[in-house]
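Excluded from the calculations below are hydrogen atoms, water molecules and symmetry mates; all remaining heavy atoms, backbone and side chain alike, are included.
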Amino acid sequence: MHDIDLAGLGRGARHLRLDTFVRLRWLAITGQSAAVVGAQFGLGLALPFGWCFLVIAASSWLNLALRIRFPASYRLSDDSAALLLAFDIIQLAALLFLTGGLQNPFSLLFLAPVLISATALPPERTLALGLLAIGLATLLALVHRPLPWFADGRIELPFLYVSGVWTAILLGTAFTGVYAWRVAEETRLLAQALAATELVLAREQHLSQLDGLAAAAAHELGTPLGTIMVVSKELIRQLGPTASPAVAEDLNLLREQVDRCRGILGKLTSLDGDGAGFLATVTFSHLVEELVAPQRALGIALDVSTRGDGPEPACRRNPGVMFGLANILDNAVDFAGARVTVDGRWSHDRVWIEIRDDGPGFSTEVLLRAGEPYVTTRGAESRGSDRPQGAGTVGAGLGLGLFIAKTLIERSGAQIALSNGSGAEDGHGAVVRVSWARHIFERGAVPRHSPEPELPPPLPSRESLPI
């Protein structure tokens, strides 16, 4: 239906502004300066004060250079962001080297740049930064200046304690990195899926608005077209008997084209709010046909049927419902072995659509957590397939398609039930049933045909009149 560049959405959502990195570094500079000044003058510890502030000044100079060179709204590429975070790790390692290495309790700050990378950068760059942090932590465990202490004593922590700190940094880097990446990735995937859904719904909304535009154009063009019609009739009446064959042919062509334009405008006039409005209102059978039409060329047999009791229901076109139903049908076609059945039914009080396939069916996890995000049975081969990402496959393989479809359909007042077939007819495939109360399904629909006028009863015959 609509091709959505989810990869482009993901790249745009991933890149962070330079202003974010600059502000975080100013915060780190403030904390480092306060710690050095407090230890030197507050506690009286013997620090290499000049060297420490030279290392801190390097971060300040970098921040000032970035502020001068780039605007605050500039977005960093993945490589640039990774280089800035690598500088922060190296700067922290240099400061820890001067103040006791891993014996310094601030050594756990190695986790901060890795955590930021996990939330904003791809996994491979986070892994590289994590390895850099662990490598520098290992070096600091072996080579560093003594831990600053009071002038009348010296403290030397046992190597076993230092090894424990190194292990804590290693495990903390791995755990927080993976955890932060997972949480951030789920948030990004959900944002991408919702953004794609909004794009599709916006396009469908534009289509729904065409009926009003067409009706307005018809009303505006009606007056000048009527004038042309009157003038053409007068020309035919006055020049017809004496006109040459060429002029007579042109006059007849003009009359035919005017009649054609009036017919077109008559159809467009039916699109306004007082007419039939076939773009705004669709019958149930047409809705089902519109749903299955894009799937007929995919090589899967489609059995479609619509029938019911009483007059056929009609509904107001709802882009969200169409998007959700198309997503469910697309999943059925993807997992079907050879056949998908779309069964539309209605009664005097209910309307429902049942979509069945002959595939493996829903897994237990999907049935237990139906409609929750990130619940999927698609494998990596489905996610990496070359199939175009259309409206029905937004978030394909991410466990978001059913979540979005269920949310959009239920907003229309429908109920969705998921199950697996058990009979000979259903086989063992998946069954999705979407049902509405009929008055909810028909809510807001414009009648496609005006009701027949009620005729008065016939007059009685003369013989039966009372005297």
Side-chain angles (χ1 to χ4, degrees), residues 1-4 6 189-190 192-194 196-197 200-201 204 287-304 318-344 352-412 414-422 426-435:
M1 294 170 61
H2 304 284
D3 294 333
I4 305 299
L6 289 179
L189 292 176
L190 181 58
Q192 293 168 24
L194 293 179
T197 304
V200 174
L201 294 181
E204 294 290 347
L287 183 146
V288 174
E289 179 59 32
E290 183 177 339
L291 177 66
V292 302
Q295 307 288 347
R296 293 190 184 277
L298 297 182
I300 296 293
L302 289 172
D303 294 337
V304 183
N318 188 324
V321 171
M322 293 302 299
F323 181 91
L325 292 175
N327 196 297
I328 293 174
L329 180 59
D330 184 80
N331 286 339
V333 171
D334 284 346
F335 287 100
R339 186 172 300 276
V340 173
T341 302
V342 180
D343 201 5
W352 65 93
I353 298 177
E354 193 169 87
I355 300 175
R356 302 188 298 271
D357 63 68
D358 58 354
F362 292 114
S363 65
T364 304
E365 180 185 10
V366 172
L367 290 177
L368 292 177
R369 301 175 56 197
E372 295 183 16
Y374 310 110
V375 179
T376 180
T377 57
R378 294 180 185 268
E381 64 276 4
S382 295
R383 291 189 294 269
S385 64
D386 295 332
R387 183 173 179 177
Q389 295 291 312
T393 57
V394 171
L398 307 177
L400 292 171
L402 184 58
F403 163 69
I404 297 174
K406 186 173 185 291
T407 301
L408 293 175
I409 294 175
E410 287 183 343
R411 287 178 61 184
S412 70
Q415 297 178 346
I416 300 181
L418 277 65
S419 62
N420 288 324
S422 56
D426 294 333
H428 298 285
V431 180
V432 179
R433 181 186 175 100
V434 182
S435 62

Self-check item: CD1-CD1 distance between Ile409 and Ile416, expressed to the nearest 0.5 angstrom
Solution: 4.0 Å
Quiz prompt | Residues which pass side chain to side chain donor-acceptor pair (under 3.5 Å) with Thr341, listed by chain and number, not counting sequence neighbours | solution = none
Self-check item: Nearest-0.5 Å distance, CG of residue Asp358 to CZ of residue Phe335
Solution: 13.0 Å
Self-check item: Where Val432 and Phe362 come nearest, the two heavy atoms and their spacing
Solution: CG2-CZ, 3.7 Å
Quiz item: Do any N or O atoms from the side chain of Asp357 and from the backbone of Gly429 form a donor-acceptor pair under 3.5 angstrom?
Solution: no
Quiz prompt | Nearest-0.5 Å distance that lies between atom CG in Asn318 and atom CG in Leu325 | solution = 9.5 Å
Practice problem: State, to 0.1 Å, how close Ile355 and Val340 come at their nearest heavy-atom pair, and which atoms those are. | Solution: CG2-CG1, 4.3 Å
Quiz item: Does some side-chain heavy atom of Val321 sit less than 4.5 Å from a side-chain heavy atom of Val434?
Solution: no
Self-check item: Shortest non-hydrogen contact from Gly337 toward Ile300
Solution: O-CD1, 4.3 Å
Self-check item: Candidates Asn327, Leu329, Ile328 - the one meeting side chain to side chain contact (heavy atoms under 4.5 Å, CB included) with Asn331
Solution: Asn327
Practice problem: Report yes if some heavy atom in the side chain of Asp343 is under 4.5 Å from a heavy atom in the side chain of Arg356; otherwise report no. | Solution: yes
Quiz item: Can you name the nearest heavy-atom pair linking Leu287 to Met322, along with the distance?
Solution: CG-SD, 3.8 Å
Self-check item: Which residues share a side-chain contact (heavy atoms from CB on, under 4.5 Å) with Ser435, sequence neighbours left out
Solution: Arg350, Trp352, Gln415
Self-check item: Gap separating the CD atom of Gln295 from the CG atom of Leu302, nearest 0.5 angstrom
Solution: 7.0 Å
